[in-house]
Amino acid sequence: MGERSPMDRKPHVAVVDDDQRLRTLIEEELIDEGVHPVSCRNGQELLDLLDREQIDLILMDIMMPGMDGLTCLSQLRERGNSIPVLMVTALNDEVKRKEAEDHGATDYILKPDLFERLPALLQQHLQ
């Protein structure tokens, strides 16, 4: 029994949100889309995870205790990490949107729109 080749590897998508219930819903949707979800409760957990696991896409909340999403995003980009990061937030705030873009976010998605947009987002960012 040989190992699976890298071509057989499902994309790994990190879901970074302090809301366990929402994280679980997003993870279930990712599994339905054929993606392997990886759960993180905050930005620091994500940074620690990236030292030991290959992640292909990050869905990250902005407002979290400890290290928030924008701080985490900033640290990712300072480290030269170019993984696409989709900021997923309840904040329909143009200032936060601009701040996320300035920190290197790939996209800014409102939580109510996430589930409707998720299949297209995965297709777009996991090519």
Side-chain angles (χ1 to χ4, degrees):
M1 302 291 152
E3 282 189 28
R4 292 167 48 133
S5 77
M7 298 300 287
D8 295 338
R9 179 184 173 276
K10 284 184 178 180
H12 284 55
V13 176
V15 180
V16 188
D17 198 310
D18 58 309
D19 181 336
Q20 171 66 50
R21 188 184 58 79
L22 183 60
R23 242 184 9 252
T24 300
L25 288 171
I26 295 170
E27 290 166 6
E28 288 170 356
E29 192 70 24
L30 289 170
I31 290 166
D32 288 347
E33 293 293 331
V35 173
H36 176 76
V38 182
S39 184
C40 298
R41 292 176 304 219
N42 59 48
Q44 188 59 56
E45 269 189 27
L46 174 68
L47 294 176
D48 294 344
L49 171 81
L50 290 173
D51 291 336
R52 61 183 190 277
E53 190 162 341
Q54 180 185 341
I55 299 295
D56 303 295
L57 177 67
I58 298 167
L59 303 176
M60 184 159 43
D61 189 17
I62 289 180
M63 304 292 289
M64 294 180 287
M67 183 185 294
D68 69 20
L70 292 175
T71 302
C72 180
L73 176 60
S74 185
Q75 288 194 21
L76 277 172
R77 297 307 187 227
E78 285 171 14
R79 294 178 181 189
N81 191 310
S82 61
I83 297 170
V85 177
L86 310 181
M87 301 308 292
V88 181
T89 181
L91 300 171
N92 190 2
D93 179 332
E94 285 307 314
V95 173
K96 285 288 183 199
R97 180 185 297 270
K98 175 82 170 92
E99 196 175 346
E101 288 171 5
D102 291 347
H103 280 80
T106 308
D107 205 342
Y108 188 95
I109 297 135
L110 296 178
K111 285 183 179 179
D113 300 335
L114 177 64
F115 293 98
E116 181 181 322
R117 293 187 57 197
L118 194 58
L121 290 165
L122 293 173
Q123 188 170 27
Q124 177 183 354
H125 296 293
L126 292 175
Q127 292 302 325

Partner set under salt bridge (Lys or Arg N to Asp or Glu O under 4.0 Å) for K111, not counting sequence neighbours: D17, D61
By side-chain hydrogen bond (donor to acceptor under 3.5 Å, both in side chains) - contacts of D19 (at least two apart): none
CZ on R117 to CG on L110, rounded to 0.5 Å: 8.5 Å
Approximate separation, where rounding is to 0.5 Å, of L122 CG and L59 CG: 7.0 Å
Pair E101 + K98, salt bridge at N-O below 4.0 Å: no
Partners passing side-chain hydrogen bond (donor to acceptor under 3.5 Å, both in side chains) against E53 (at least two apart in sequence or in another chain): none
Listed once per pair and sorted, the ring-ring contact (aromatic ring centres under 6.0 Å, His included) pairs that draw on residues 68-99, sequence neighbours left out: none
Output side-chain donor-acceptor pairs under 3.5 Å for residues 27-36, partner residues at least two apart or in another chain, one line each.
unit_1, atom_1, unit_2, atom_2, d
E27, OE2, S39, OG, 3.0

Under 3.5 Å, side-chain donor or acceptor atoms of residues 79-91 against the rest of the protein: list the pairs with distances, not counting sequence neighbours.
unit_1, atom_1, unit_2, atom_2, d
N81, OD1, I83, N, 2.9
T89, OG1, L91, N, 3.0

With E45 via salt bridge (Lys or Arg N to Asp or Glu O under 4.0 Å) - residues at least two apart: R41
Nearest atoms (heavy-atom pairs only) where L46 meets A14: CD1-CB, 3.7 Å
R77: salt bridge (Lys or Arg N to Asp or Glu O under 4.0 Å) partners, not counting sequence neighbours: none
Single-linkage hydrophobic cluster, 4.5 Å side-chain cutoff, L47 and M64 together: yes
Cut-off 3.5 Å, no hydrogens considered: what does the side-chain donor-acceptor table look like for residues 65-76, sequence neighbours left out?
unit_1, atom_1, unit_2, atom_2, d
D68, OD1, L70, N, 3.2
D68, OD1, T71, N, 2.8
D68, OD1, T71, OG1, 2.8
S74, OG, E78, OE2, 3.4

Interatomic distance, K96 atom NZ to N92 atom CG [nearest 0.5 angstrom]: 13.5 Å
Shared hydrophobic cluster for V15 and I58 (ILVMFWY, side-chain gaps under 4.5 Å): no
Pairing residues for H12 by the side-chain hydrogen bond (donor to acceptor under 3.5 Å, both in side chains) criterion, not counting sequence neighbours: R9
Hydrophobic cluster membership, L126 vs I26, 4.5 Å side-chain cutoff: yes
Qualifying residues under side-chain hydrogen bond (donor to acceptor under 3.5 Å, both in side chains), relative to N42, sequence neighbours excluded: none
Separation between CG of L121 and CD1 of I109, rounded to the nearest 0.5 Å: 4.5 Å
Within one Ile-Leu-Val-Met-Phe-Trp-Tyr cluster: Y108 and M60, side-chain cutoff 4.5 Å: yes
For D113, salt bridge (Lys or Arg N to Asp or Glu O under 4.0 Å) partners two or more places apart: none
Joint cluster assignment, V38 & V16, ILVMFWY side-chain distance < 4.5 Å: yes
Point-to-point distance, once rounded to the nearest 0.5 Å, from CZ of F115 to CG of L25: 5.0 Å
